[in-house]
Amino acid sequence: PYSNTLYKDGKVVEFRQEPDTRYLHLLENFKKLKQMDQFYPAGMNTYIKRKFSGEMEIAQEEVEELFMKLLSAPQVKKVARLIRKRLGRKLQVTDLWYNGFKPKTALPADKLDAITKKRYPNAAAFKADLDNILIKLGFDRQKSAAIAAQIAVDPARGSGHAAGAVMKQQKSRLRTRIGKNGMDYKGYNIAVHEFGHNVEQTISLHDVDYYLLNGVPSTAFTEALAFIFQARDLELLGQHEPDSKRSHLNTLSIFWNVYESMGVSLVDMRVWKWLYANPDANVKQVKQAVIKISKDVWNRYFAKFLGGKDEPILGIYSHMIGYPLYLSAYSYGYLINFQLEQHLKGKDFAKEILRIYSIGRLIPQVWMKQAVGSEISVDPLLKAVDSAVKVIR
């Protein structure tokens, strides 16, 4: 990469531009999904409307406005300046993925592996400890036992997954990777995340006012609780590391991640708007449009801090091809997760989780108002960033 030289089998070869297959897939996705438009009423007669107003239950324009507000916020300059100071150099394009704020544990990996393997030699051992985990989080014995009884634990061939029940007589299922010598720390960390999903799935099925209200507004809301559980994994092992700066570092880490993901989400949304405005475009025109939109978004929100005028890097994400218009769900979920975490500070954790996740499947903004008292917003994160910069600086 330093000399921009390409090798094959140890020999220098001439670089040739790859074919436009990527953009062909993007165009074919659009064509196939657009064919469905005729079968939907006016309010859902584009894939964009179905993905946002239908699936996410929030208008695309509202999501875009939310994202642009954060990308344009003065806090971006403050955090970029802090990263520059920490790195001791001028920022570059790839600092878009700076992860130096992510709080690191001082505990060695082998020690954590030893603890989790001893405690959880198999799936049955983790299953037996579910109610104890809930008790550590503040749930009373009766409720923790009731929730744990509704969850089955299985070893996974992959990394892990949580599958919710669809009727009260059925159990939710938790899967995580368990090696022959027991569950290592990575498997445990994933298991705690998936357990958060299962707790949401159980509460939102058994404790809602009536069955047809079961669930949460969207994937973002169950991911929020899963991340809230996962963030407490060391605490549950009795290995919590008190650090006054830890929460501030986490805030800055979330903010920079959101800054990046909102940028690529804008590209994704604007590409789809372009496709609908140019339904007869060919592959070459689609490619040119994606590159132009990527450059425009970069120049507007990123070039001032990271350099690289006319940089097309925001258009590289595979989600744009494999999961059309899914990228926005990450940023949206981060905001929900952060607001919930902020709300939970200083409150009875278990009591609030039971209250919030028994609200049921209302539309997102109504759910958030009932859960934390305000709609989904970037303001709590921006306010927290101001405080974090002062401490970490």
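The pair R50-E55 does not count as a salt bridge, with every side-chain nitrogen at least 4.0 angstrom from each carboxylate oxygen. By the 4.0 Å N-to-carboxylate-O rule, D310 lies too far from K295 to be salt-bridged with it. With respect to R141 and D131, no salt bridge is recorded, no charged nitrogen being found less than 4.0 Å from a carboxylate O. A salt bridge links E64 to R270: at least one charged side-chain nitrogen sits closer than 4.0 Å to a carboxylate oxygen. Ion pairing between K69 and D379 holds under the 4.0 Å rule for side-chain N and carboxylate O. A salt bridge does not link E341 to K345: none of the charged side-chain nitrogens sits closer than 4.0 Å to a carboxylate oxygen. A salt bridge does not link D296 to R300: none of the charged side-chain nitrogens sits closer than 4.0 Å to a carboxylate oxygen.
The stretch residues 359-384 participates, sequence neighbours left out, in these ring-ring contact (aromatic ring centres under 6.0 Å, His included) pairs: F221-W367, Y357-W367. For the ring-ring contact (aromatic ring centres under 6.0 Å, His included) condition, no pair includes a residue of residues 130-165, sequence neighbours left out. Residue pairs meeting the ring-ring contact (aromatic ring centres under 6.0 Å, His included) criterion with at least one member in residues 40-70, sequence neighbours excluded, are Y47-W272.
Between the R173 side chain and the A162 main chain, no donor and acceptor come within less than 3.5 Å of each other. Not one N or O on the side chain of E260 forms a donor-acceptor pair closer than 3.5 Å with the backbone of L96. Within the 3.5 Å criterion, the main-chain N or O of P1 finds no donor-acceptor partner in the side chain of N4.
Chaining together hydrophobic side chains whose heavy atoms lie under 4.5 Å apart leaves F227 on its own. Clustering of Ile, Leu, Val, Met, Phe, Trp and Tyr side chains at separations under 4.5 Å places V13 together with L6, F15.
For the pair M183 and D113, the minimum side-chain heavy-atom distance is 4.5 Å or more. Residues I190 and K186 are in side-chain contact: their nearest non-hydrogen atoms beyond the backbone lie under 4.5 Å apart. Looking only at side-chain heavy atoms (C-beta outward), M269 and Q60 come within less than 4.5 Å of each other. Residues P217 and I363 fail the side-chain proximity criterion, which asks for heavy atoms closer than 4.5 Å. Between P108 and K111 the shortest side-chain heavy-atom distance falls below 4.5 Å.
Under the side-chain contact (heavy atoms from CB on, under 4.5 Å) rule, V378 has a single partner from L70, V258, V385, which is L70. When each of V297, V76, L266 is paired with L71, the side-chain contact (heavy atoms from CB on, under 4.5 Å) condition holds for L266 and for no other.
One hydrophobic cluster holds both F255 and M68 under the rule that ILVMFWY side chains link at heavy-atom gaps under 4.5 Å. Hydrophobic clustering places W274 together with V290 (ILVMFWY residues linked when any side-chain heavy atoms are closer than 4.5 Å, directly or through intermediates).
Under the ring-ring contact (aromatic ring centres under 6.0 Å, His included) criterion, H197 pairs with H193, sequence neighbours left out. For T176, there are no side chain to side chain donor-acceptor pair (under 3.5 Å) partners at least two apart in sequence or on another chain. Applying the side-chain contact (heavy atoms from CB on, under 4.5 Å) criterion to K34, with sequence neighbours excluded, gives F30, D37, Y276, P279. Under the rule for a ring-ring contact (aromatic ring centres under 6.0 Å, His included), the partners of F302 that lie at least two apart in sequence or sit in another chain are Y259, W298. For D233, the side-chain contact (heavy atoms from CB on, under 4.5 Å) test picks out Y185, Y188, N189, V192, with sequence neighbours left out.
When the shell of 6.0 Å around NZ of K369 is examined, it contains 12 or fewer heavy atoms from other residues, nucleotides or ligands.
If you take CG on L66 and CD on E375, they are separated by 10.0 Å, rounding to the nearest 0.5 Å. Taken from CG in N337 to CD in Q342, the straight-line distance is 10.0 Å, to the nearest 0.5 Å. The CD atom of E352 sits 6.5 Å away from the CG atom of L344 when rounded to the nearest 0.5 Å. Taking NZ of K117 as the reference point, atom CG of L112 lies at 11.5 Å (rounded to 0.5 Å). Note that CG of D268 and CG of L314 are 11.5 Å apart. Values are rounded to the nearest 0.5 Å.
D129 and N132 share a donor-acceptor pair across their side chains, judged by distance under 3.5 Å alone. A side-chain N or O of N45 and one of K49 form a donor-acceptor pair less than 3.5 Å apart. With hydrogens and angles left out, the side-chain atoms of D386 and Q75 include a donor and acceptor closer than 3.5 Å.
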Table please: side-chain donor-acceptor pairs of residues 324-335 below 3.5 Å, with sequence neighbours left out.
{"residue": "Y330", "atom": "OH", "partner": "H319", "partner atom": "NE2", "Å": "3.1"}
{"residue": "S331", "atom": "OG", "partner": "S261", "partner atom": "OG", "Å": "2.7"}
{"residue": "S331", "atom": "OG", "partner": "M262", "partner atom": "N", "Å": "3.3"}

Would you tabulate the side-chain donor-acceptor contacts of residues 203-211 under 3.5 Å, counting partners in other chains and residues two or more places apart, or write 'none'?
{"residue": "S204", "atom": "OG", "partner": "E200", "partner atom": "O", "Å": "2.8"}
{"residue": "S204", "atom": "OG", "partner": "E200", "partner atom": "OE2", "Å": "2.7"}
{"residue": "D207", "atom": "OD1", "partner": "K143", "partner atom": "NZ", "Å": "3.4"}
{"residue": "D207", "atom": "OD2", "partner": "K143", "partner atom": "NZ", "Å": "3.0"}
{"residue": "Y211", "atom": "OH", "partner": "V166", "partner atom": "O", "Å": "2.5"}

Discussion item. Does Q150 form a side-chain hydrogen bond (donor to acceptor under 3.5 Å, both in side chains) with Q170? I'd like the steps, not just the answer.
Written reply: CA-CA 8 Å; Q150 297 297 328; Q170 185 183 29; over 6 Å; no

